[in-house]
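Just follow the structure's listing: the first ligand is 1, and inside any ligand the first atom is 1.
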Amino acid sequence: MTVELTESQRDLWDRARAFGEEHIEPVAMEYVESGEWPWEVYRKAAEAGLIGLPFEEAYGGQNASLVEQCLVAEAFCRADSSVGIALHGAMTGCFVMDSFGSPQQKERWLEPVTRGEITTGIGLTEPDTGSALAELTTTAERVSGPAGEEYVIDGEKDWIANGASGDWVATLCRTDPDVDPEKPYRGLSLIVVPTDSEGYDATPRDRLGLDAAEHARITYDEVRVPAENLLGDEEGQGFYQTLAWLEHGRVDIAAAHLGMAEGAFDRALAFSKEREQGGQPIGDYQGMRWKLADMRKNCQVARAQVYHAARTIDAAERESREVDQSLIEQASIAKLFATEMACEVAEEAVQVFGGKGFAREHEVEHFYRDVKAGTIYEGTSEIQRNTIGKVLFDEL
Ligand SMILES: Cc1cc2nc3c(=O)[nH]c(=O)nc-3n(C[C@H](O)[C@H](O)[C@H](O)COP(=O)(O)OP(=O)(O)OC[C@H]3O[C@@H](n4cnc5c(N)ncnc54)[C@H](O)[C@@H]3O)c2cc1C
């Protein structure tokens, strides 16, 4: 580990790495092959105190910093890209809950996550609205009914992690029907929707990779939830709440993809020392060494940026500073660099394995398939470049 860590952070890293080696690596291929969600590994990770770290202690968390959250994401995904992202993604809905939920909401919806009992999601993307998030059309109408004040939700979401197997999805909806075409991000609210609600229907998607995780297309057909499921004190805050999460989420996902790149690199390096061709290990050929050296260099550079961004955001929060352009830029740079780097490194890992790298039985095959999602979710690479460009031209 080349990034400077405090003693407790180093201890956390060691524990998360050891957990990955003992409880993720030996079973990962079973989950990748079966497509099952890794519940048993998740429960063990919760028992080991490695799930829900960033959340308040009162709700089972450890008030962990973004750096600490990143260390766990990196270690889990280094052990396995697919199982790692499933474990990591179990908390997807929790970050907005942790920041904006009421004590009652947190007790009900956050605490069981830290015990490894349930998984969660955040529903932003729709079939027709992804990058231009503010243009979403899912509606939530507030009505008074026999059950008291409720929201009636109609619409569709797509690609939602844990949308089918999870317990609830924090759903971004339009609560104000009057859309300002200049400012479509106004009038949006996050509402917690339990996945067993009547009218909620989720179908897991067939995907390129991340076989052990689950991503669903969801239909909301007059789904009724109590008005108290709104996140925050008032309607219309959903877009801003989402942005506040995205900045953390981007660094966190960068750390996860850094881990995937390191995992692919570890396997390629080990293979290069074992596989012999022409009477010598392939790692003794300069052509292979340069490849491995570049993979190593790319991982190290990404690590420096990921933890620089995480530390900068942690420091700003400790000092109660407003999120400013430089923090947003750092998060985008970390996400853009680490996810694109992971794609390159995983591709090179397959190359080091030769034909074996193309076979399902070798782990680098699914690392290669899994890394690609990183350049798409939580803002595509193009959107990260747009964000960095806006900062450069003072347009954010
Ligand atoms: C594995 C996976 C997991 C996901 N998990 C979740 C989840 O849990 N919750 C959730 O809400 N969503 C999730 N998503 C959805 C993801 O966030 C979106 O796919 C992503 O934001 C892109 O939206 P889109 O697919 O509609 O593509 P589009 O927005 O239609 O983009 C298509 C292409 O156009 C480019 N493009 C679009 N706008 C611009 C622009 N302004 N400038 C330059 N290029 C542009 C994009 O970069 C992309 O290359 C997930 C997606 C995947 C693949």
Fill in: Nitrogen or oxygen atoms of T129 and ligand 1 under 3.5 Å apart
no
Item to complete: Report the part of K157 (side chain from C-beta onward, or backbone N, CA, C, O) that has a heavy atom under 4.0 Å from ligand 1; answer both or neither where that applies.
Response: neither
Discussion item. Regarding ligand 1, does A161 bring an N or O atom to under 3.5 Å of one of the ligand's N or O atoms?
Written reply: yes
Worksheet item: Within a reach of under 6.0 Å around CD of Q325, are more than 12 heavy atoms found that belong to other residues, nucleotides or ligands?
Response: yes
Worksheet item: Is there at least one protein heavy-atom neighbour under 4.0 Å from atom 32 (C) of ligand 1?
Response: no
Discussion item. So, regarding N386 and ligand 1 (criterion: nitrogen or oxygen to nitrogen or oxygen, under 3.5 Å), is there a contact or not?
Written reply: yes
Worksheet item: Taking the six-membered ring for Trp, are W37 and W39 parallel (under 30°), tilted (30 to 60°) or perpendicular (over 60°)?
Response: tilted
Item to complete: Using only heavy-atom distances, determine whether the side chains of E340 and T375 contain a donor-acceptor pair under 3.5 Å.
Response: no
Worksheet item: Closest non-hydrogen protein atom to atom 46 (C) of ligand 1, residue and atom name please, with distance?
Response: T380 OG1, 3.7 Å
Discussion item. Looking only at protein heavy atoms, which one is nearest to atom 19 (O) of ligand 1, and what is the separation?
Written reply: I376 CG2, 3.7 Å
Worksheet item: For atom 15 (C) of ligand 1, which protein heavy atom lies nearest, and how many Å away is it?
Response: T125 OG1, 3.2 Å
Worksheet item: Got the closest protein heavy atom to atom 39 (C) of ligand 1, with its distance?
Response: I383 CD1, 3.9 Å
Worksheet item: Starting from atom 2 (C) of ligand 1, which protein heavy atom do you reach first, and at what distance in Å?
Response: Y377 CD2, 3.4 Å
Item to complete: Would you mind checking which non-hydrogen protein atom is closest to atom 23 (O) of ligand 1, with the distance to 0.1 Å?
Response: G130 CA, 3.3 Å
Worksheet item: Is there a side-chain contact between F239 and L243 (heavy atoms, below 4.5 Å)?
Response: yes
Fill in: Donor-acceptor side-chain pairing of D80 and S82 below 3.5 angstrom
no
Fill in: Residues E111, K106: salt bridge by 4.0 Å N-O rule
no
Practice prompt. Show the numbers, then the answer: is there a ring-ring contact (aromatic ring centres under 6.0 Å, His included) between F55 and F95?
Written response: CA-CA 8 Å; F55 311 135; F95 297 100; 5.5 Å; yes
Worksheet, complete the sentence: A student checking ligand 1 against I160 at a 4.0 Å heavy-atom cut-off should list atoms 7 (C), 8 (O), 9 (N), 10 (C), 11 (O)
Practice prompt. Look at atom 11 (O) of ligand 1 and say whether a protein heavy atom is found at less than 4.0 angstrom from it.
Written response: yes
Worksheet item: If you measure every N/O of S131 against every N/O of ligand 1, is any gap under 3.5 Å?
Response: yes
Item to complete: Pull out every atom of ligand 1 sitting under 4.0 Å from any heavy atom of E382, numbered as shown with elements.
Response: 43 (C), 44 (N), 46 (C), 47 (O), 49 (O)
Worksheet item: Between Q330 and T312, do the side chains contain an N or O donor and an N or O acceptor separated by less than 3.5 Å?
Response: no
Worksheet item: Among protein heavy atoms, which sits nearest to atom 14 (N) of ligand 1, and what does the distance come to when rounded to 0.1 Å?
Response: W159 CB, 3.5 Å
Worksheet entry | Per-atom contacts, ligand 1 versus A373 - under 4.0 Å to a heavy atom | 1 (C)
Item to complete: Among E21, R17, M260, find the residue that satisfies the side-chain contact (heavy atoms from CB on, under 4.5 Å) test when tested with R78.
Response: R17
Fill in: Distance flag for atom 7 (C) of ligand 1, protein heavy atom under 4.0 Å
yes
Worksheet item: Do M97 and L230 sit in the same hydrophobic cluster, where Ile, Leu, Val, Met, Phe, Trp and Tyr count as joined when their side-chain heavy atoms come under 4.5 Å apart?
Response: no
Worksheet item: Which option out of L124, T120, I122, N162 puts a heavy atom nearest to atom 9 (N) of ligand 1?
Response: I122
Worksheet item: Which ligand 1 atoms, with their elements, are less than 4.0 angstrom from a heavy-atom of E378?
Response: 17 (O)
Worksheet item: What orientation do F19 and F76 show, parallel under 30°, tilted 30 to 60°, or perpendicular over 60°?
Response: tilted
Worksheet item: Taking atom types as modelled and ignoring hydrogens, do the side chains of Q69 and H88 form a donor-acceptor contact shorter than 3.5 angstrom?
Response: no
